[in-house]
Amino acid sequence: MTDTTHLADTTDEQLETVLAAATSAATYWADRAPHERATILTAVADALEGQASALVGVAVEETGLPEGRLTGEMKRTSVQLRMFAEELIDGTFLDVIIDRADPDFVLGPRPDLRRYQIPVGPVLVFAASNFPFAFSVAGTDTASALAAGCPVVLKAHPGHPRTSAATAAIVRDALATAGAPEGVFALITGFEAGVRALKDPRITAAGFTGSVAGGRALFDIAAARPIPIPFFGELGSVNPAVVTAGALDERAEDIATGFVASFTLGAGQFCTKPGILLVPTGSPITDRITALTQQVPAARMLTAKIAEGYHHRIEDTAAVPGVEVLVKGTASTGESGVPEVSPTLLRTTAEHLGAHADTLLEESFGPAAIIAEYGTEDEVHRVLGRVDGTLTVTVHTRTEPTPEEQNELRRITRIAATRAGRLVFNGWPTGVAVTHAQHHGGPYPATTAVAHTSVGTTAIRRFLRPVTYQDAPEALIPAPVQDRNPLQVPQAVNAAGESANWGRSHS
């Protein structure tokens, strides 16, 4: 593997070379047939799998994350690439809709209209700190943008530079070997280089996973450009969980152990970590959760900067009136020089939670959680109503709720659906399934683009835009919307008229 012991920030001259190459490659990459891009993505997945052990070794040394966790993350990375390859072969992502000319259309003569999706152009991706593989160099943003037909400029995260450089070298080599031109993928480093790239008119969209402050600053830059661009940011999420009395009657111990395992997983450095647990007032589950939390050993934070932000956040939260510290986390500096922390558990009431929402209903990125006790269902409704946009809301219910419980749960889930992109029942939000139906998003500040997901195959839609050809000469009609359908992609023909064909058109 390439020696990546040192990474200097990308210079202005180097960035210009990268952006020029991405622009030059954009037309070629967009014009490749979907099955050709699928073959190349599969080659990248193969190459990463072939070097998985070496990459995991670098990441273990650099991040301190467990080998098993990183091995699983490597597998997820290659699986994501293969899923997008399958999506390309299927062709549904092109969203082809054809309305043939109809002189007798009910609203008057209708022209021939042919609509499909095209790539937006070069995409800038900001890698995440907490997933050095799955949300980083070859992660879901990169995979979905490449699948869409967009060149990718990847801004590496400073928390794992050697891992990023090693992964990027494998991706570049695999792309080149498979026939992709120079410029389809490149890695840049340094904060200033990332900002300059985001401001550059050749970048047409950006993806980001990180903090609210950092993501909002970049989002504002993207929006303030002379020609604004889409910015798909995943920023912050408190992921509240509601536990009903009926659920406690059935499985209080399972809920207690599950909650502690979820909010301390990976030292609480998951975007889906449940940060708020709403339980009935006086429930003994609070004592059980406290005892279990005290048994969780200290774990390494990803970076010293993240650890510093976490400690400031805990101090601010604990200082709020009506907040009790049940378990005070400890901190020490490990051999790596990065702090190791044990969990912090706080308690308050639902009333106090709502009254101090500006402080208490913010994300604490790290192993901390708040238990909020509620006396009535209305208190739960008010708390959920005060929650800003969040990736998830979890609800623990009786396995077979009574009719009365069902009515109350419908009220809770109705509110929850207005706040979150995913509702979890009788489980925990950590461990995001990479599937076609997954939605990893939510209202701001969970994300900056509520209609989109960063996990699952529909993530490709972020980097596509629709174009309709009206009464186009046959010689100029693109292959996906031709009547003869040479790419054999799904076509919806005359779907808005008197007949519809949602299968593959073979006219």
Side-chain angles (χ1 to χ4, degrees), residues 2-32 37 40 44 118-128 136-139 141-146 148-210 214-215 217-233 462-463 465:
T2 304
D3 180 13
T4 57
T5 56
H6 176 69
L7 284 182
D9 287 356
T10 299
T11 65
D12 289 349
E13 293 77 15
Q14 290 169 332
L15 180 61
E16 173 57 32
T17 299
V18 165
L19 293 174
T23 303
S24 177
T27 299
Y28 173 91
W29 190 239
D31 287 347
R32 294 309 88 201
R37 291 205 300 271
I40 294 175
V44 174
I118 66 171
V120 298
V123 171
L124 175 64
V125 172
F126 291 85
S136 188
V137 173
D141 287 347
T142 296
S144 56
L146 289 176
C150 302
V152 170
V153 177
L154 188 288
K155 192 273 179 188
H157 194 279
H160 39 78
R162 293 191 296 119
T163 304
S164 298
T167 306
I170 294 170
V171 172
R172 283 195 303 267
D173 289 347
L175 287 169
T177 301
E182 182 75 19
V184 169
F185 172 85
L187 178 142
I188 63 174
T189 56
F191 174 80
E192 293 298 333
V195 171
R196 289 196 302 272
L198 183 60
K199 292 180 177 179
D200 194 283
R202 289 167 288 189
I203 292 295
T204 59
F208 170 88
T209 300
L218 295 173
F219 173 77
D220 289 345
I221 290 172
R225 289 174 28 149
I227 300 178
I229 59 172
F231 183 86
F232 302 101
R462 298 173 296 171
F463 307 117
R465 67 177 182 87

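Source: prediction; values computed, not measured.
- Of all the heavy atoms in Ser136 and Leu154, the pair that sits closest is O-CD2, 4.0 Å.
- No more than 12 heavy atoms of other residues, nucleotides or ligands shown are found within 6.0 angstrom of CZ on Arg465.
- Here the side chains of Phe232 and Phe463 are in contact, with some heavy-atom distance below 4.5 Å.
- Arg196 and Leu15 make their closest contact through CB-CD2, 3.7 Å (heavy atoms, listed as atom of the first residue, atom of the second, distance).
- No more than 12 heavy-atom neighbours from other residues, nucleotides or ligands sit within 6.0 angstrom of CD on Glu182.
- The backbone N or O of Asp31 lies less than 3.5 Å from no partner atom in the side chain of Arg37, so there is not a single donor-acceptor pair.
- Residues Cys150 and Val120 approach most closely at SG-N, 3.6 Å, considering heavy atoms.
- Using a 4.5 Å cut-off on side-chain heavy atoms (C-beta onward), Leu187 and Ser164 make contact.
- With a 4.5 Å cut-off on side-chain heavy atoms, Ile221 and Phe231 do not count as touching.
- No donor-acceptor distance shorter than 3.5 angstrom exists from the side chain of Thr189 to the backbone of Ala156, with no hydrogens or angles considered.
- Between Leu19 and Ile203, the closest side-chain pair of non-hydrogen atoms falls below 4.5 Å.
- Using a 4.5 Å cut-off on side-chain heavy atoms (C-beta onward), Thr10 and Val18 make no contact.
- Under the 4.5 Å side-chain criterion, counting only non-hydrogen atoms from C-beta, Leu198 is in contact with Ile229.
- The structure places NE2 of His157 at 10.0 Å from OG1 of Thr209, a figure rounded to the nearest 0.5 Å.
- Nearest approach of Ala30 to Pro119, heavy atoms of both residues: CB-CG, 3.6 Å.
- The two residues Asp200 and Arg225 have their closest heavy-atom pair at O-NH1, 2.8 Å.
- Interatomic distance, CG of Leu146 versus CH2 of Trp29, reported as 6.0 Å (0.5 Å rounding).
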Quiz item: Stepwise, does the side chain to side chain contact (heavy atoms under 4.5 Å, CB included) test hold for Ile40 with Leu175?
Solution: CA-CA 6 Å; Ile40 294 175; Leu175 287 169; 3.5 Å; yes
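- In this structure, Glu16 pairs ionically with Arg202, as a charged nitrogen and a carboxylate oxygen lie closer than 4.0 Å.
- Across all their heavy atoms, Ala193 and Ile188 have their closest contact at O-CD1, 3.9 Å.
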